[in-house]
Undergrad: 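My questions will all concern the structure given below.
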Amino acid sequence: KPEVVISHECPLEIARKIGHPDMLRRFGFNPISFTTKTQNLLQKCLECHQPKNWYFGHYHQSFKYDSFGTDFQCLNIMETQIIDI
């Protein structure tokens, strides 16, 4: 099982913490019930196995959050991260 995950999107639980409800409302979505298939799949992956680190960039902002024993980091545009593997 991987210790590091690198993905574009993040699991649903993290997306709900970092996402902007007003943005979803502007496009006619309910922020409480809105999900994507990718968020749901990644959430199931997280529930099966909690990697040590998870990097993603979909939201184009710097964000760090620890959940499920995993350190999540969203990278902003042009932000880099050195990953020690």
Undergrad: Determine whether F29 and M23 fall in the same hydrophobic cluster, where Ile, Leu, Val, Met, Phe, Trp and Tyr are linked whenever their side-chain heavy atoms lie under 4.5 Å apart.
TA: yes
Undergrad: What side-chain hydrogen bond (donor to acceptor under 3.5 Å, both in side chains) pairs are there with at least one residue in residues 68-77, not counting sequence neighbours?
TA: Q73-Q81
Undergrad: Any chance you could measure I32, atom CD1, to L24, atom CG, to the nearest 0.5 Å?
TA: 11.0 Å
Undergrad: Provide the closest heavy-atom pair for S62 versus E79 in the form atom of the first, atom of the second, distance.
TA: OG-OE1, 2.7 Å
Undergrad: Which pair of non-hydrogen atoms, one from P51 and one from P2, has the smallest distance, and what is that distance?
TA: CB-O, 3.6 Å
Undergrad: If you round to the nearest 0.5 Å, how far is OG of S67 from CZ of F72?
TA: 6.0 Å
Undergrad: Students often mix this up, so state it plainly: with edges at 30° and 60°, are the rings of Y59 and F56 parallel, tilted or perpendicular?
TA: perpendicular
Undergrad: Treating Ile, Leu, Val, Met, Phe, Trp and Tyr as nodes and any side-chain heavy-atom pair under 4.5 angstrom as an edge, say whether I18 and F34 lie in one connected cluster.
TA: no
Undergrad: Got a second to check how far C10's SG is from Y65's OH, nearest 0.5 Å?
TA: 11.5 Å
Undergrad: What's the spacing between L41 CG and L46 CG if we round to 0.5 Å?
TA: 11.5 Å
Undergrad: The test is side chain to side chain donor-acceptor pair (under 3.5 Å); show your working for Q43 and Q39 and say whether it passes.
TA: CA-CA 6 Å; Q43 183 67 37; Q39 290 170 347; over 6 Å; no
Undergrad: Roughly how far, to the nearest 0.5 Å, is CG of N30 from OG1 of T35?
TA: 11.0 Å
Undergrad: Report the distance from atom NZ of K17 to atom CG of L12, rounding to the nearest 0.5 Å.
TA: 10.5 Å
Undergrad: Under 4.5 Å between side-chain heavy atoms, hopping through other hydrophobics if needed: is there a path connecting L75 to L42?
TA: no
Undergrad: Any chance CD of E3 has more than 12 other-residue heavy atoms, nucleotides or ligands included, within less than 6.0 Å?
TA: no
Undergrad: Spell out, as yes or no, whether a donor-acceptor pair under 3.5 Å connects the side chain of E9 to the backbone of H58.
TA: no
